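None of these values were measured; they are calculated from a predicted model. When a ligand or atom number is given, it counts from 1 through the structure's own listing order.
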Amino acid sequence: MRQETKCIQAGYEPKNGESRMIPIIQSTTFKYDSSEDMGKLFDLEESGYFYTRLANPTNDYVAAKIAALEGGTAALLTSSGQAATFYSVFNIAGAGDHVIASSTIYGGSFNLFNVTMRRMGIDFTFVDPDCSDEELEAAFKPNTKAVFGETIANPALIVFDIERFAKAAHAHGVPLIIDNTFATPINCRPFEWGADIVTHSTTKYMDGHDATVGGCIVDSGKFDWMAHADKFPGLTTPDESYHGITYAEKFGQGGAYITKATAQLMRDLGSIPSPMNCYILNLGLESLALRVERHCANAQAVAEFLEAHPNIAWVNYPGLKGNKYYDRAKKYMPDGTCGVISFGVKGGRKAAEEFMGKLRVAMIATHVADAHTCILHPASSTHRQMTDEELTAAGVAPDLVRLSVGIENVDDIIEDIRQALE
Ligand SMILES: *Cc1c(COP(=O)(O)O)cnc(C)c1O
């Protein structure tokens, strides 16, 4: 199946007489005929469901669809993108370990790593995604366990050189984790470029309708944990909290990572989305390919309009020919990048605020990447905890306005921006 077909059909195949749409199994528990039957599930001897904090069939249908879209072997849905980011790293790194991350990742991921996970004893080095090979090499330590980047950074719109970072990570025997939220698997499939794990905030384009917060982790099944057994004891030695199971042995390269995240992290931390939310997410996924295509076409037209307007100081959109990341975007995302554009209004901070107050179609919202066109000034909202130095390192200029172009008629979006600018 191609991507458009997977959006509709992957993950759930109804049998004779079963519901055409995925069923919503809104139940916390599952009944068994004997204790022995249930015991086999607890021992991970058989797959099945016993308690929704660990797994639920509705969730699994949707996870399987996203795994198919990314070309992975297994996936786990989480209750938010933040939970997905946390699990993706914490599943393979603990106190005393070190992780390399791009300095331009989403502000929420940056705080999670730089503040909360540091408190857990995990050390992070943030590298400029365009750093030299020497700088990247120097960031690795003997206790490095992963490298983390974002396909298209939110909101800096820096396109990450996945292939280059994958090579560096693999040379040091660690996986590359990619947050693929903005590109979606419609525009970019990081596994094809060497990434090992993909995360998503499904809250954005995947849900696409401002309806449900959620996240997802997908495993490519390509990283050989056993070949680097000393680095990943959590996967390659017995888990005493789970009857001495060794995940990499029992579930193989394609299943170990997600099984551990489910059996251990989901069991202990419980960031599971509700089956109802997964059902809503699935509705979004069915139209993902169509919507992403429209988001990109609209954003391209808006970016070109902005670039030509005399009241605009600068425009950043990887789909514009003069953009620093145009060629890299064409390599990784030949069909389009995303619907998010950033720009500066002439006159700086104050002019930008006045401009935003005059918009009618574009709504001021701390959200991006959904059907509605919305707009935000990060320095005074989402990124206000960050110092000027951190903002600059993250590629967010103090006068940056972030516009998330929706799927309305593009002429209405452009006319709205034109009247506000004028
Ligand atoms: C929004 C976002 C997140 C966090 O996801 P939530 O669903 O809000 O928890 C992570 N990464 C990126 C790129 C995002 O845009």
Side-chain angles (χ1 to χ4, degrees), residues 59 62-63 66 70 75-90 101-117 126 129 148-160 162 177-188 190 195 197-218 269-274 277-278 280-281 284-285 288 292 295 299 318 332-333 337-342 365-370 372 374-376 378 381-383 385-386 394-396 400 402-406:
N59 301 26
V62 184
I66 298 175
E70 287 287 4
L76 172 66
L77 296 186
T78 56
S79 54
S80 68
Q82 286 298 103
T85 306
F86 174 62
Y87 280 33
S88 74
V89 174
F90 197 61
S102 160
S103 60
T104 60
I105 52 174
Y106 170 69
S109 310
F110 180 82
N111 282 325
L112 169 66
F113 292 166
N114 195 41
V115 180
T116 301
M117 290 181 79
F126 295 95
F148 190 99
E150 214 169 290
T151 317
I152 310 172
N154 172 12
L157 303 177
I158 289 167
V159 178
F160 195 68
I162 300 172
I177 307 174
I178 291 290
D179 180 338
N180 197 32
T181 298
F182 265 28
T184 84
I186 301 304
N187 283 343
C188 181
I197 315 269
V198 157
T199 65
H200 282 279
S201 166
T202 62
T203 317
K204 312 294 163 53
Y205 290 118
M206 285 190 168
D207 168 74
H209 297 82
D210 274 341
T212 54
V213 172
C216 187
I217 315 170
V218 191
L269 300 166
S271 324
I272 195 96
S274 74
N277 273 9
C278 296
I280 295 169
L281 168 59
L285 288 169
L288 182 69
V292 163
H295 277 290
Y332 289 108
M333 292 161 275
T337 52
C338 65
V340 181
I341 301 170
S342 60
T366 30
H367 194 48
V368 285
D370 73 89
H372 313 80
C374 51
I375 195 156
L376 184 82
S381 53
T382 46
H383 286 59
Q385 285 94 343
M386 294 170 79
V396 187
L400 179 151
R402 182 182 69 181
L403 173 70
S404 176
V405 180

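- Atom 14 (C) of ligand 1 has as its closest protein heavy atom Lys204 NZ, 2.9 Å.
- Under a 4.0 Å heavy-atom criterion, Ala83 is not in contact with ligand 1.
- Between Asn180 and Pro185 the shortest side-chain heavy-atom distance falls below 4.5 Å.
- Interface of Gly214 with ligand 1, defined as ligand atoms under 4.0 Å from a residue heavy atom, comprises 7 (O).
- Protein heavy atom nearest atom 8 (O) of ligand 1, with residue, atom name and distance: Ser201 OG, 4.1 Å.
- Within the 4.5 Å cutoff, side-chain heavy atoms of Met206 are placed close to those of Leu281.
- Qualifying side-chain contact (heavy atoms from CB on, under 4.5 Å) partners for Thr184, counting only residues two or more places apart in sequence or in other chains: Ile186, Tyr205, Leu288, Val292.
- Here's the thing with Ser109: none of its N/O atoms is less than 3.5 angstrom from an N/O atom of ligand 1.
- Checked by distance only, ligand 1 and Thr85 stay at 3.5 Å or farther apart across all their nitrogen or oxygen atoms.
- Judged as a ring-ring contact (aromatic ring centres under 6.0 Å, His included), and not counting sequence neighbours, the contacts of Phe148 are Phe113.
- Less than 4.0 angstrom separates some heavy atom of Asp179 from each of these atoms of ligand 1: 10 (C), 11 (N), 12 (C), 13 (C).
- The side-chain contact (heavy atoms from CB on, under 4.5 Å) test with Cys216 singles out one residue from Thr202, Val198, Thr78, and that residue is Thr202.
- Side-chain atoms of Pro129 and Ser103, non-hydrogen and from C-beta on, do get closer than 4.5 Å to each other.
- Not one N or O of Phe182 is nearer than 3.5 Å to an N or O of ligand 1, by distance alone.
- The ligand atoms of ligand 1 that sit less than 4.0 angstrom from a heavy atom of Gln82 are 4 (C), 5 (O), 6 (P), 9 (O).
- The six-membered or imidazole ring of Phe126 lies near that of Phe110, with a centre-to-centre distance under 6.0 Å.
- Residue Asn154 places at least one N or O, backbone or side chain, under 3.5 Å from an N or O of ligand 1.
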